[in-house]
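What follows is a set of notes on a single structure, which appears directly below.
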There are 2 protein chains.
Amino acid sequence: MPKLGMPPLRRRALIDAAIMTIGERGTLDVTMSEIAGRAGVSSALAHHYFGAKDGLLQATMRHILSELNADVRKALATSRTARERVSAVIAVNFSATQFQPEIIAAWLAFYVEAQKSQPLRRLLRVYARRLHSNLMSGLTGLMPRPEAERVAEAIAALIDGLYIRRALKDGTPNATSAVALVEDYLETKLLQHKKPA
Amino acid sequence: MPKLGMPPLRRRALIDAAIMTIGERGTLDVTMSEIAGRAGVSSALAHHYFGAKDGLLQATMRHILSELNADVRKALATSRTARERVSAVIAVNFSATQFQPEIIAAWLAFYVEAQKSQPLRRLLRVYARRLHSNLMSGLTGLMPRPEAERVAEAIAALIDGLYIRRALKDGTPNATSAVALVEDYLETKLLQHKKPA
DNA sequence: TATTTTTTATTGACTGATCAATCAATAAAA
DNA sequence: TTTTATTGATTGATCAGTCAATAAAAAATA
């Protein structure tokens, strides 16, 4: 049985290799040998550490999720106002570390796999809930709660939508215009509450 | 060589079976035998008609796309005003024929496959362009063109985003709330142009 | 119309390739 | 000396794609 704690040297290398491979190929349909090869080890070792392929994929998803989460926390920590908090959450999703072709492709691939795999579905739901509550933490200070709920829902949909559309284009993702689009929506909504009809 | 025109009896059955199978399983990772079996024929026949698996998948995507397109045309035909045209396009995307679990799942699966397959990517780009221009056909009558571009972009992202998020939940999709969300965005934007800041 | 010929529809059985997963063996640490 | 790390080789399953054979339709011919 693989040691889970101490020196996750190879574990980490395998997860990184998995992200790269999945991202490049745009699918979870990559072989264990391919991933292992890129990590400089044999496929047998990958099985040794992660049990089955599922295990590696889940660990990989968990890793992406926790990186995103760490980034969000960091960004929220330096935000003072409610308004800033919302923008911080948005910004992180399109930051240089997150909005990369490989990561975007991997996200998309995991979304699809989640339809087959219950553990992955669970992970993605955790992410969705977390995103929602992070957005709410700012939005509730800016508008009535039921409206905040709807806006959070919309922002989340926009983010996912921009990711999926981004995956279809080639070249470097344009984070700036993506953020601008979401911010424009938010700004419009806020205006609506400052000068009510 | 398969006859392309006349009695697309089996062709159609195979495409329908493909949609069902892909939709249920939420992945393009379905076997030719599975699809063929559901259509009540042998897998060899599927190859006879579509050449390779790719061929069947592309035909399936094309079919979904053309159904959607037909629905949009129909809806646009009965729309009088620019405002109605925009709503019509939105409504069709969440109509009973389109916003079904199987179709949604299939869309998502095709999106991912498009990262590998150039023909599928091309098809999805055609769809994206078409959606954009359909939205613009209404929006240009309601706001200045550059703003209309941005709003069309946002609506498209919202639609894709709502699809992808929908795919993660179970149960019947809630089209009503999805439409409401997009319409709310549109309405907010329109208000902004009626009473400018 | 009846008969022959050609084309199309359809299948079961087979092949070759690909891969996840296992395992026994060895090296290295603890 | 026991546990952990690591591998090459192997196995078993799964599938896409092929093919030769047969049935059924359609077209051509008598």
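Each chain gets a letter, A, B and so on, in the order its sequence line appears, and its residues count up from 1.
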Which residues pass the side-chain contact (heavy atoms from CB on, under 4.5 Å) test with [X], sequence neighbours left out?
{"X": "B:Pro173", "answer": "B:Phe99, B:Pro101, B:Ile104, B:Arg166"}
{"X": "A:Asp16", "answer": "A:Arg12, A:His63"}
{"X": "A:Arg165", "answer": "B:Ala128, B:Leu131, B:Glu153, B:Ala156, B:Ala157, B:Asp160"}
{"X": "A:Arg85", "answer": "A:Leu76, A:Ser79, A:Ala82, A:Ser137"}

Of all pairs that satisfy salt bridge (charged side-chain N to carboxylate O under 4.0 Å, His left out), the ones with a partner from residues 174-193 of chain A, not counting sequence neighbours: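 For residues 174-193 of chain A, and leaving out neighbouring residues, the salt bridge (charged side-chain N to carboxylate O under 4.0 Å, His left out) pairs sorted by first residue read A:Arg83-A:Glu183, A:Arg83-A:Glu187, A:Glu147-A:Lys189, A:Asp184-B:Lys189, A:Lys189-B:Asp184.
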According to the salt bridge (charged side-chain N to carboxylate O under 4.0 Å, His left out) rule, which pairs have a member within residues 66-80 of chain B, sequence neighbours left out? none
Working to the nearest 0.5 angstrom, can you tell me the gap between [X] [atom1] and [Y] [atom2]?
{"X": "A:Leu162", "Y": "A:Ser177", "atom1": "CG", "atom2": "OG", "value": "8.0 Å"}
{"X": "A:Leu108", "Y": "A:Ile22", "atom1": "CG", "atom2": "CD1", "value": "12.0 Å"}
{"X": "B:Ile155", "Y": "B:Leu135", "atom1": "CD1", "atom2": "CG", "value": "5.0 Å"}

Kindly state each residue pair satisfying ring pair (Phe, Tyr, Trp, His ring centres under 6.0 Å) with at least one member in residues 122-156 of chain A, sequence neighbours excluded.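 Checked against ring pair (Phe, Tyr, Trp, His ring centres under 6.0 Å) - neighbours excluded - the pairs reaching residues 122-156 of chain A are A:Trp107-A:Tyr127.
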Qualifying ring pair (Phe, Tyr, Trp, His ring centres under 6.0 Å) pairs with a residue from residues 22-44 of chain A, counting only residues at least two apart or across chains: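 Residue pairs passing ring pair (Phe, Tyr, Trp, His ring centres under 6.0 Å), neighbours aside: none found.
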Wobble G-U and Watson-Crick pairs count when both distances are under 3.5 Å; given that, what is the 5' to 3' dot-bracket string of DNA chain C, with | for pairing to other strands? ||||||||||||||||||||||||||||||
Restricting both atoms to N or O, compile the protein contacts to nucleotides 6-9 of chain D shorter than 3.5 Å, with distance only.
| unit_1 | atom_1 | unit_2 | atom_2 | d |
| --- | --- | --- | --- | --- |
| D:dT6 | OP1 | A:Arg10 | NH1 | 2.3 |
| D:dT6 | OP2 | A:Tyr49 | OH | 3.1 |
| D:dT7 | OP2 | A:Ser42 | N | 2.9 |
| D:dT7 | OP2 | A:Ser42 | OG | 3.3 |

In whole angstrom, give the distance that lies between atom [atom1] of [X] and atom [atom2] of [N].
{"X": "B:Asp54", "N": "D:dC15", "atom1": "CG", "atom2": "P", "value": "17 Å"}
{"X": "B:Glu34", "N": "D:dA13", "atom1": "CD", "atom2": "C1'", "value": "15 Å"}
{"X": "B:His47", "N": "D:dA16", "atom1": "NE2", "atom2": "C1'", "value": "5 Å"}
{"X": "B:Phe50", "N": "D:dT18", "atom1": "CZ", "atom2": "C1'", "value": "18 Å"}

Using a 4.0 Å cut-off on heavy atoms, which residues in residues 18-30 of chain B reach DNA chain C? List them by number, or say none. none
Modelled atom types, side-chain donor and acceptor of B:Gln192 and A:Thr188, under 3.5 Å: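 Side-chain D/A pair, B:Gln192 to A:Thr188: present.
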salt_bridge(A:Glu102, A:Arg25) N-O dist < 4.0 Å: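 Result for this pair is no, no salt bridge flagged.
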Within the 4.0 Å limit for protein heavy atoms, which parts of nucleotides 25-30 of chain C are touched? Write it as a string from 5' to 3', B for base, S for sugar-phosphate only, - for none. ------
